[in-house]
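What you see is a predicted model; the values in this text were computed from it and never measured. Along the sequence shown, the residues carry numbers beginning at 1.
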Amino acid sequence: QVQLVESGGGLVQPGGSLRLSCEASGSIVSIKAMGWYRQAPGKQREMVASISRGVSTNYADSAKGRFTISRDNAKNTVYLQMNSLKPEDTAVYYCNAVVWSDYIGPAWGQGTQVTVSS
């Protein structure tokens, strides 16, 4: 199994920056792709950014040009660099890992709160 632990959330002013980290442990070799999702109060959980074992990345339209997902293989860690933060970015951010197995569902972290406010 894969375990995920997020960190780096907090309170930041509009226009500021945060970097979220997601450290994976367990069956690292089984991971096909990882991503970041977020869920704001009263809204559905949405995909923010994802990255494959290669170099392919994908971003939500709201994140393009502001957020960057990256990976440090030596540390088994995926990052989400968030710049030019807006109040509407306020949400709980969750790390996700999709595995190659057809029989095992995705892994999720516990979430980290990001609040953008003056």
Side-chain angles (χ1 to χ4, degrees):
Q1 71 277 12
V2 176
Q3 296 83 41
L4 305 173
V5 179
E6 304 103 327
S7 62
L11 175 64
V12 65
Q13 294 183 345
S17 299
L18 284 174
R19 189 178 76 161
L20 306 183
S21 299
C22 175
E23 183 176 3
S25 61
S27 186
I28 304 300
V29 70
S30 69
I31 297 177
K32 178 171 65 177
M34 296 183 66
W36 287 95
Y37 289 69
R38 68 185 181 189
Q39 187 167 23
K43 296 184 177 180
Q44 295 186 162
R45 185 173 300 186
E46 63 176 344
M47 191 276 292
V48 179
S50 65
I51 186 168
S52 70
R53 274 193 168 270
V55 297
S56 297
T57 58
N58 190 38
Y59 296 93
D61 288 341
S62 61
K64 291 179 180 177
R66 299 189 299 126
F67 294 2
T68 302
I69 188 170
S70 61
R71 181 182 63 217
D72 186 336
N73 292 330
K75 297 181 178 180
N76 295 322
T77 300
V78 169
Y79 304 95
L80 183 67
Q81 178 67 47
M82 304 185 293
N83 299 324
S84 301
L85 283 163
K86 306 174 181 179
E88 50 263 43
D89 295 318
T90 296
V92 177
Y93 284 70
Y94 298 91
C95 184
N96 165 268
V98 178
V99 299
W100 289 105
S101 176
D102 293 331
Y103 310 105
I104 302 176
W108 293 92
Q110 82 287 348
T112 184
Q113 176 71 49
V114 172
T115 303
V116 184
S117 176
S118 299

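- Residues satisfying the side chain to side chain donor-acceptor pair (under 3.5 Å) criterion with Thr68, sequence neighbours excluded, are absent altogether.
- To the nearest 0.5 Å, atoms OH (Tyr93) and CD (Gln113) are separated by 9.5 Å.
- Pairing each heavy atom of Met34 with each of Ala24, the nearest pair is CE-CB, 4.4 Å.
- Stacking of Arg19 on the aromatic ring of Tyr79 is recorded, both the 6.0 Å distance cut-off and the 45° axial limit being met.
- Linking Ile, Leu, Val, Met, Phe, Trp and Tyr whenever their side-chain heavy atoms come within less than 4.5 Å puts Ile51 and Trp36 in one cluster.
- Applying the salt bridge (Lys or Arg N to Asp or Glu O under 4.0 Å) rule to pairs touching residues 50-65 yields Asp61-Lys64, sequence neighbours excluded.
- At least one side-chain heavy atom of Leu85 sits under 4.5 Å from a side-chain heavy atom of Phe67.
- Within the structure, the disulfide bond (SG atoms under 2.5 Å apart) test picks out the following pairs touching residues 13-118 (sequence neighbours left out): Cys22-Cys95.
- Both Met47 and Val92 are members of a single hydrophobic cluster when ILVMFWY side chains are connected at heavy-atom separations under 4.5 Å.
- Taking Ser117 as the reference, Leu11, Thr115 meet the side chain to side chain contact (heavy atoms under 4.5 Å, CB included) condition, with sequence neighbours excluded.
- In this structure, the separation between CG on Asn96 and CG on Leu4 is 7.5 Å, given to the nearest 0.5 Å.
- Residue pairs meeting the ring pair (Phe, Tyr, Trp, His ring centres under 6.0 Å) criterion with at least one member in residues 44-65, sequence neighbours excluded, do not occur.
- Listed by chain and number, the residues in a salt bridge (Lys or Arg N to Asp or Glu O under 4.0 Å) with Glu23 amount to none (sequence neighbours excluded).
- Annotation: side chain to side chain contact (heavy atoms under 4.5 Å, CB included) contacts of Ala60 (sequence neighbours excluded): Ser62.
- With hydrogens and angles ignored, the 3.5 Å screen pairs a side-chain donor or acceptor of Thr90 with a backbone N or O of Val116.
- Cluster annotation: Leu80 is connected to Val12 through the hydrophobic network of ILVMFWY side chains, with a link wherever side-chain heavy atoms come within less than 4.5 Å.
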Exercise. Checking side-chain contact (heavy atoms from CB on, under 4.5 Å) for the pair Met82/Val48: CA distance, chi angles, key distance, verdict?
Worked result: CA-CA 11 Å; Met82 304 185 293; Val48 179; over 6 Å; no
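- More than 12 heavy atoms of other residues, nucleotides or ligands sit less than 6.0 Å from atom CD of Glu88.
- A side chain to side chain donor-acceptor pair (under 3.5 Å) check over residues 103-112, counting only residues at least two apart or in different chains, returns the pairs Glu6-Gln110.
- Partners of Ser30 according to the side chain to side chain contact (heavy atoms under 4.5 Å, CB included) rule, which considers only residues two or more places apart in sequence or in another chain, are Val2, Ser27, Val99.
- Closest heavy-atom contact between Ile31 and Trp100: O-NE1, 3.7 Å.
- In this structure, CG in Asn76 is found 8.5 Å from OG in Ser25, a value given to the nearest 0.5 Å.
- Applying the ring pair (Phe, Tyr, Trp, His ring centres under 6.0 Å) definition to pairs two or more places apart or across chains, none involves residues 4-30.
- Applying the salt bridge (Lys or Arg N to Asp or Glu O under 4.0 Å) test to residues at least two apart or on different chains, the pairs with a partner in residues 24-41 are Arg38-Glu46, Arg38-Asp89.
- Looking at residues two or more places apart in sequence or on another chain, you find a side chain to side chain contact (heavy atoms under 4.5 Å, CB included) between Ser17 and Gln81, Asn83.
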